[in-house]
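For reference, the structure is listed below as structure tokens.
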There are 2 protein chains.
Amino acid sequence: MLDRSHLLVVRTIEQQGSLTAAARQLCLTQSALSHTIRKLETHLGTAIWLREGRQLRLTPAGRYLLGLANRLLPQLEYAEARLRQFARGERGTLRIGMECHPCYQWLINVISPFLSAWPDVDVDVKQKFLFGGIGALLEHEIDLLVTPDPFNKAGLKFEPVFDFEQILVLSASHRLAGQFYLNAEDLRDEVLLTYPVSVDRLDIYTQFLTPAGIVPRLHKTCESTDVMLQLVSSGRGVAPFPAWLAETYQERLNLALVRLGQSGIHKQIFLGIRESDQALDYLRAFIDSARE
Amino acid sequence: MLDRSHLLVVRTIEQQGSLTAAARQLCLTQSALSHTIRKLETHLGTAIWLREGRQLRLTPAGRYLLGLANRLLPQLEYAEARLRQFARGERGTLRIGMECHPCYQWLINVISPFLSAWPDVDVDVKQKFLFGGIGALLEHEIDLLVTPDPFNKAGLKFEPVFDFEQILVLSASHRLAGQFYLNAEDLRDEVLLTYPVSVDRLDIYTQFLTPAGIVPRLHKTCESTDVMLQLVSSGRGVAPFPAWLAETYQERLNLALVRLGQSGIHKQIFLGIRESDQALDYLRAFIDSARE
DNA sequence: CGCTTACATTACATTTATTCATGGATAGCC
DNA sequence: GGCTATCCATGAATAAATGTAATGTAAGCG
């Protein structure tokens, strides 16, 4: 099998100009190298060097091999350096899973200082999971889950990092815009806009509409935050949103923010990790910086 | 040292899904592989697989290694296939050196059928040599030399492949255009155009002007065949050329071709190779097809 | 011509890889 | 829940590879 060591031999002999010098550089005896190159040639079935007097000169096959060596060896050397970074915990990959649509905006703010602080950690964000966020975490499809729904399961650990209130966003000219808070009945004749997730994962249903037995006039879904808020702004519907996110759009789109229920819907964002990853310092650092 | 075999192990375990299956595929015992991976991890100083129950799962470092394996292993496998071609004499590199400027046109015609007949031989044409064409051949800088000057030296072999007459190209309206042949004196007042090579390698000097003690009014050089013949066509000078090459331009540029001396300058193109390469079938084939 | 340098070869030593035999752990199955 | 098949780990024994020392042979150089 054509091996890394063979490529190294070809490169070193060419670099040093002689087998003896190459042997010195490789910390081997001249004899050992002589054995090695003979075996390589026997194995490949073709001459790699021409013995001309006391010179070794590459054959065409040898020149090809040299080219290969010059191409592949640096890649292997780079890979080793990188693996040393892994070994020292400097290098890693943080695959983040999102189970919370609007959190994307928040995540961006957390990721960007993290990227500066940990230049050798690659960050990857995923949003679709075959078996849900928890499944993705357990299956090692992701390393960190951003979710409003912690799920206490052996081997996983969740930490709250962010409290917020879920409010309803309305056009400023909407008839309900002036209210201090809304009751479920107020939404009976409204068009409700949400991200396209199942109803049992929408707090406005589970904590507000469903308990009161109310169904809105129409429920539409929309993938994009911007588009959804544009629709709200133009009076085409109302949408539940985290207050902090809605506020960033409020001025620009002329929106009104109204509490859902007398005491409001209060939520938390959790970061979930595998217990076995607790020791990873860059993961720890990410969670700490997310908590601010 | 991170070795090819390690990459193969990483790839195979991932492909087969288990260490036992991978061992089967690699024709090893499960134990051997277990030892191997442990040693690899010890050496790298970082875990590559997580042992979860009876499953092996890649760590981030392991995933990196897998990526490396998927990138490098195919290259090594391709290289081995190619080296087998070298071993069977199917694959080679033919580096051709040219010591004869106008022959370039002729060479193109020989090379193109050769490339079709020997799809696995790479052809490379060089024109500049530190120690001349013969030196380049001896130094293995090239494998084949196209030259009008054979040089009998031990270890080299020259074969004539092509006879031609060197004539003088003139504008059709030139005062000498009608002559059947020219004497050296006729060039005393002419501008002589040649390729930029030393005078002792120009036959028009060595075989024509110098013996008669004549020097042309002006000697200009030009790299390109096309430009040189354009200059001739516009009456800016006269140029020595192989007849066969001048003929291909004659009509288009309205040129006249006149013999140099009563019996003309007759030349041959030789192909030179190293004797040690005589057995290479693709080299043999090239020379045979060049002889037509 | 003889000295130095360079690669090859032989016989032997050492290191490394592999196997064999065995044990512990886990997932699936009655 | 206990049985069983499967999977990975381990330690000692063994096979294979890689390496060394010593020596040989040939080429360049003064």
Side-chain angles (χ1 to χ4, degrees), chain A residues 1-44 46-59 62 131 135 138-140 153-155 274-276, chain B residues 1-44 46-59 62 131 135 138-140 153-155 274-276:
Chain A
M1 196 167 71
L2 182 58
D3 226 335
R4 174 176 184 176
S5 62
H6 300 133
L7 297 180
L8 188 60
V9 165
V10 172
R11 184 176 73 174
T12 308
I13 290 182
E14 205 57 15
Q15 215 174 53
Q16 299 289 317
S18 84
L19 186 144
T20 307
R24 224 180 349 260
Q25 162 135 356
L26 295 171
C27 301
L28 285 175
T29 58
Q30 168 267 318
S31 168
L33 250 197
S34 183
H35 282 299
T36 304
I37 69 173
R38 159 162 295 267
K39 195 158 31 171
L40 174 62
E41 290 183 315
T42 308
H43 175 76
L44 293 178
T46 178
I48 302 300
W49 292 271
L50 294 171
R51 278 70 169 175
E52 295 194 336
R54 38 190 210 172
Q55 280 236 76
L56 288 182
R57 162 172 281 138
L58 289 176
T59 60
F131 304 108
L138 287 169
E139 290 292 317
H140 288 249
K153 192 174 155 63
R274 287 179 297 274
E275 265 170 5
S276 58
Chain B
M1 196 168 71
L2 183 57
D3 226 335
R4 175 176 184 176
S5 62
H6 300 132
L7 298 180
L8 188 61
V9 164
V10 172
R11 184 177 74 176
T12 309
I13 290 181
E14 205 57 16
Q15 214 175 53
Q16 299 289 319
S18 85
L19 186 145
T20 307
R24 228 184 342 264
Q25 163 134 354
L26 295 171
C27 301
L28 286 175
T29 58
Q30 168 268 319
S31 168
L33 252 196
S34 182
H35 284 295
T36 303
I37 69 173
R38 159 163 294 266
K39 198 158 23 174
L40 174 62
E41 290 183 315
T42 307
H43 175 77
L44 293 177
T46 178
I48 301 300
W49 292 272
L50 294 171
R51 279 71 169 175
E52 294 194 336
R54 41 188 208 176
Q55 280 235 76
L56 288 183
R57 164 173 279 138
L58 290 175
T59 60
F131 304 108
L138 286 169
E139 291 292 317
H140 288 250
K153 193 175 155 63
R274 287 179 297 274
E275 265 170 5
S276 57

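The sequence lines fix the lettering, A, B, ..., with proteins before strands; numbering per chain opens at 1. Keep in mind that the numbers below use all heavy atoms, side chains included, and drop hydrogens, waters and symmetry copies.
Each of Thr36(B) and Gly53(B) has a nearest nucleotide on DNA chain C; the 5'-most of these lies closest to Thr36(B). Summary of the strand contacts: Arg51(B) and His35(A) both lie near DNA chain D, and taking for each the nucleotide with the nearest heavy atom, the more 5' one is attributed to Arg51(B).
Listed in residue order, the members of residues 6-31 of chain B having a heavy atom less than 4.0 Å from DNA chain D are Ser18(B), Leu19(B), Thr20(B), Gln30(B), Ser31(B).
For Arg57(B) and dA27(C), the CZ to C1' distance is 15 Å, given to the nearest whole Å. When the C1' atom of dT16(C) is taken as reference, atom CE of Met1(B) falls 14 Å away, rounded to whole Å. Rounded to whole Å, the distance from CD on Gln55(A) to P on dC7(C) is 8 Å. Rounded to an integer number of Å, the gap from CD of Glu52(B) to P of dA25(C) is 17 Å. Protein atom CD1 of Ile37(B) is 12 Å distant from nucleotide atom C1' of dC7(D), rounded to whole Å. As rounded to whole Å, 7 Å separates atom C1' of dA5(D) from atom CZ of Arg54(B). In this entry the distance linking CG of Leu50(A) with C1' of dA6(C) reads 16 Å, nearest Å. At whole-Å resolution of the value, CG in Asp3(A) and C1' in dA17(C) are 13 Å apart.
Here the closest heavy-atom approach between residue Arg4(B) and residue Leu2(A) is recorded as NH1-O, 2.8 Å. The minimum heavy-atom distance between Trp49(A) and Val9(A), with the atom names listed, is CH2-CG1, 4.3 Å. Of all heavy-atom pairs spanning Ala21(A) and Ser18(A), the tightest one is N-OG, 3.0 Å. When all heavy atoms of Glu41(A) and Ile48(A) are compared, the closest pair comes out as OE2-N, 2.7 Å.
A donor-acceptor contact shorter than 3.5 Å is absent between the side chain of Gln30(B) and the backbone of Thr20(B). Between the side chain of His6(B) and the backbone N or O of Asp3(B) there is at least one donor-acceptor pair closer than 3.5 Å.
Remark: Arg38(A) is not in phosphate contact with dA8(C), judged by side-chain N or O atoms under 4.0 Å from OP1 or OP2. Lys39(B) has no side-chain polar atom (N or O) that falls below the 4.0 Å cut-off from OP1 or OP2 of dT16(C).
The distance from the CG atom of Leu33(A) to the CG atom of Leu40(A) is 11.0 Å, given to the nearest 0.5 Å.
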